[in-house]
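These notes concern the structure reproduced below.
These numbers come from the heavy atoms of this one structure, side chains and all, not from hydrogens, waters or symmetry mates. Chain naming here is simple, since letters A, B, ... match the order of the sequence lines and numbering starts at 1 in each.
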Amino acid sequence: MSGRARARARGIAHSSFRATEVGRTQDSSLPTSVDLSNSEATSSSGFMGTSRISTNHKYGISSCDAGSTFMERGVKNKQDFMDLDISTREKLAHVRDCKTGSSGIPVKLVTNLFNLDFPQDWQLYQYHVTYLPDLASRRLRIALLYSHSKLSDKAKAFDGAMLFLSQKLEEKVTELSSETQRGETVKMTITLKRELPSSSPICIQVFNIIFRKILKKLSMYQIGRNFYNPSEPMEIPQHKLSLWPGFAISVSYFESKLLFGADVSYKVLRNETVLEFMTALCHRTGLSCFTQTCEKQLIGLIVLTRYNNRTYRIDDIDWSVRPTHTFQKRDGTEITYVDYYKQQYDIIISDLNQPILVSLLKKKRNDDSGAWLAHLIPELCFLTGLTEQATSDFQLMKAVAEKTRLTPLGRQQRLARLVDNLQRNTNARFELETWGLHFGSQISLTGRVVPSEKILMQDHICQPVSAADWSKDIRTCKSLSAQSLNTWLILCSDRTEYVANSFLNCLRKVGDSMGFNVDYPKIIKVQENPAAFVRAVQHHVDPDVQLVMCILPSNQKTYYDSIKKYLTLDCPVPSQCVLARTLNKQGMMMSIATKIAMQMTCKLGGELWAVEIPLKSLMVVGIDVCKDALSKDVMVVGCVASVNPGITRWFSRCILQRTTTDVADCLKVFMTGALNKWYKYNHDLPARIIVYRAGVGDGQLKTLIEYEVPQLLISVAESSSNASLRLSVIVVRKKCMPRFFTEMNRTVQNPPLGTIVDSEATRHKWYDFYLISQVAGRGTVSPTYYNVIYDDNSLKPDHMQRLTFKLCHLYYNWPGLISVPAPCQYAHKLTFLVAQSIHKEPSLELANFLFYL
Amino acid sequence: VEEICNSVVDGNFEEVPRETVIKFKPPLYRQRYQFVKNLVEQHEPKKVADLGCGDTSLLRLLKVNPCIEFLVGVDINEDKLRWRGDTLAPLMGDYLKPRDLNLTITLYHGSVVERDSRLLGFDLITCIELIEHLDSGDLARFPEVVFGYLSPSMIVISTPNSEFNPLFPSVTLRDSDHKFEWTRMEFQTWALYVANRYDYSVEFTGVGEPPAGAENVGYCTQIGIFRKNGGKAMESCVSEQHDQHVYKAVFTTSYPSLQQERFFKLVLVNEVSQQVESLRVSHLPRQKKQDGEWDDTPKDSQASSPCFGPVFTEVEKAKIENSPKPFCVGDKFFVPLQRLLAYPKLNRLCANEEMMRSGIADSIPLSSDGSAVVADLRDYSDEQF
């Protein structure tokens, strides 16, 4: 796909995919034989909205020490709680008492959150259990405790050392004794450590464990943190996918109370074994480059072995080994793979020519024996999750979206069914009751719909009919400013010359009405291969060339990557890639030309439209972070800052970093550059800076507050002699648990655009709000979550919310509202381009242009 | 609480301290399970129950066997059943690649000396290291329930051989809960009496070979295999029995299988799609790539490249060759269902064309007469490689 087409695909994806969350099993190690009855393993699994195609949400997960906390395996969980422990609001004097806005029309909203009722004096009792003689086996420790009659009828959660009860034992220290099967008498000493109120973080962890246990009782299958119903799969045979419907659930402390949240989630499973994938690939590529392509495609993927339900990462493929070869078992005996699988799992390997996949296993605890290799048979390994290639496959994602899209009503019905099950199922109810809990009502709350914005064009102010898409409203209006395009190139092949010419005519026509003058370019014909394109670019681009347009014959990534690489690194010139097939679409030419003309205007430094910004000297900054596609340990940090009071011109930098903590350091480099740029254009420094930080993973809030915010403050302080420059930092998240619906005419619908929620579903310790700034055509909209972690601008919450809403209007790649503030989306586009195609810092000569659109 | 049943883990522990003297490889408990597993493979029982199933390890080992359709575990330790039950539930792979036959696994809490009609009509009942935990009263009732009432086609009973015990250091009984341990003579006498009484024939064997020089003590674990004379349990009498549900069902799970329409269709549609796709791709004229960057691997490397995919026997090959060939009309690609049926994997799933048609009709486009699958000859995904 060309950059253009890809961008288009995502443009559409914005509206349609956002509604669904699609599971992805990368990084997810499935809970295998869980030997702890109450605290089931909750392994981290990256579930991400498909709309965030590249943004990598999760990094820097440190391995935690075994046994340091209860449930040490719930890595992701723990990090969530780490975030929730941080209190930022108390430091912000202007919102300490009230963080709610006031403007807009109130709107009644239903949520996917539910009350959890328990007695006022409900407490959780945390005990510590010691054994005499000490028992090493956790399993045995648990077995002994569980089988003791003293505890048998009590609700309990126990991990081998820490015991939680909802009822207090009579004594502070209880001595029990039990006998092992060997006849040894073991003394267990249960000592009360703490009494925890229901709002304590540990208590919330225990609640989550209780609910996991309950959902399992509803015959749901746990994957990562979510629960799925495998008996009702949906199929997408053309893409070899199965979808399991299910729920993401969590119990958490919100503004004033503990709530249970559930959201519909789908697990995407692949009905394809590695062997089938290899065979198909072999057919396609031919043998000559098969091994190479195969390794490129497979290495790094996570596979699921069907016989034991484990997941492994493919680290290598051993082409020299066959299933008929032998390997050494742990006990030293030699056995062939074929015999091993027959004996162990009753599985007959049918293809004896397949190679063996190699997976490097992580070192076990207290095991210094070094790395351990697992050999896997491709035939027995299922591919999991969606590959990068699959997520950028528009057809596939469309098929998934179509299957998983749920209207607000559909979603509400699913929730109702879950709640009904929870309340009816006797096992589930019994479990809740023994803990003294009662599942309560669905939470309703009042949001506000803020007024819609006017779009400012060059000589016209327009009030769009729909803020979702004002392309029609501005069709006859001139852009705010546009450079004339005089010297430029079009590269195309013989085959596409005709279509290139007719496209050019269209482009000139639409450019004219937009106030964008497009002169005739030099048309260069090249052979249909990536190398020829790059050679032609190298040969023809000189310092006078303003823009290079390439009509790409196919969506082979090499075309796009090699052209972009050359024109952002070696010879910085804005470029526009268009897929020939896009131009062949009948009857679409004018609208395609309009979109491309708009993009070209921006790439040359033009401005399309603006909204009214009441603050006169405000710089807004967007920051996003993602992993480089080639070297996964490299972080791509993209930063974008507005450089004029109208917020229509942008300065950008993209910096590659080795570790996450270095992110803070690049921010300093960037901020200094941005402030210099602002000074150059405005002969003064901005009075206020508001930073929107996206790409924040779970558990990173602390790092942000301790490292990034200070770095931003230092760079601001260093640049300005007077200390009047004020800074706010807002964390932007597209993924959050709450969903909101409006009830209308006995059905539920998506809330109107501009709906703000700043009560009940928010967190007490934070200055936060939800904003719905995008449309979800046929699906359910997911709100964007904003958490103001630092703020000495002291804007009223109402102003902060409305400013954020205004900024969602300013993304020039889409004539309509988008789900995040424009600087975030620009930063995202920039990091995506660099992470996917360029892999290096783009030339600073392009920093003033939106070259990454 | 009376402890009737022993379990694997405990069985495992039981051997640990003696490892210094006699070490079994694989461990004795594994040998016992492997013995049962081999027996299952040999006789292919449909309904199998393990009495005194403990932590369900044996059931977990047996559930992979394709012939078993009902698997039941009974134990008096309810906590343990609840606790381990989850591990018997279907895995993700079981949904992705369903079994051929249905499988239901149920765990009951109850005592082996109580009658429960849900255990009637079984093909195999195993009592591994169970009887030595029964006190004399229960031991007396045991044959009447298991042989007389349940009366399965085959019963396997294992118990320690006390003649082996002198090889262990200072041991009277191998487990504190054992009520007795028998010599071979004692066990065989009991077994023959029971077999005779309930019309079974019995054969003796064991696992855990004695060490060299002590061969005369016999196997460490002695096993009796009881076969009902006159073959299979009379199913007719099963229905005549009054339903007697004494046991408490603690856990039950059903596996997805090809016998269930939903999963049958899923597998069929996937297989058909895959086969059509592979035929389609091989039908495409191999695109010559002009780009030097892409095709510079030397041609002779092909020889060493792996070549895989399904391997057919000569008979299968001929069958495929003789079936109607895929064809193109315009940019549409047709694969006759008869052709698809010729492939062993699909043939295994569908007996005939009609079965295939009805299985895939909802999901895969068919030609107007329904005799062939239709696909676009050129697919957007072709360009991606």
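- When each of Tyr307(A), Trp244(A), Tyr345(A) is scored by its heavy-atom pairs under 4.5 Å with chain B, the top score falls to Trp244(A).
- For the set Ser350(A), Ala280(A), Ser242(A), Pro233(A), the entry with the most heavy-atom pairs within less than 4.5 Å of chain B is Pro233(A).
- Heavy-atom pairs under 4.5 Å with chain A were tallied for Leu91(B), Asp94(B), Asn270(B), Leu266(B); the largest tally goes to Leu91(B).
- Within a 6.0 Å radius of NZ in Lys342(A), other residues, nucleotides and ligands contribute more than 12 heavy atoms.
- Heavy-atom distances place the side chain of Lys37(B), and not its backbone, under 4.5 Å from chain A.
- Neither the backbone nor the side chain of Gln260(B) comes within less than 4.5 Å of any heavy atom in chain A.
- Taking a 6.0 Å sphere around CD of Glu261(B), one finds it holds 12 or fewer heavy atoms contributed by other residues, nucleotides or ligands.
- There is no contact between Lys63(B) and chain A, counting heavy-atom distances below 4.5 Å.
- Using a 4.5 Å cut-off between heavy atoms, Ser278(B) contacts chain A through both its backbone and its side chain.
- Put simply, the side chain of Gln343(A) does not reach to within 4.5 Å of the side chain of Gln34(B), judged on heavy atoms.
- Interface residue Pro66(B): only side-chain heavy atoms are found under 4.5 Å from chain A.
- Looking at Val269(B) and Glu235(A), their side chains never come closer than 4.5 Å, going by heavy atoms from C-beta outward.
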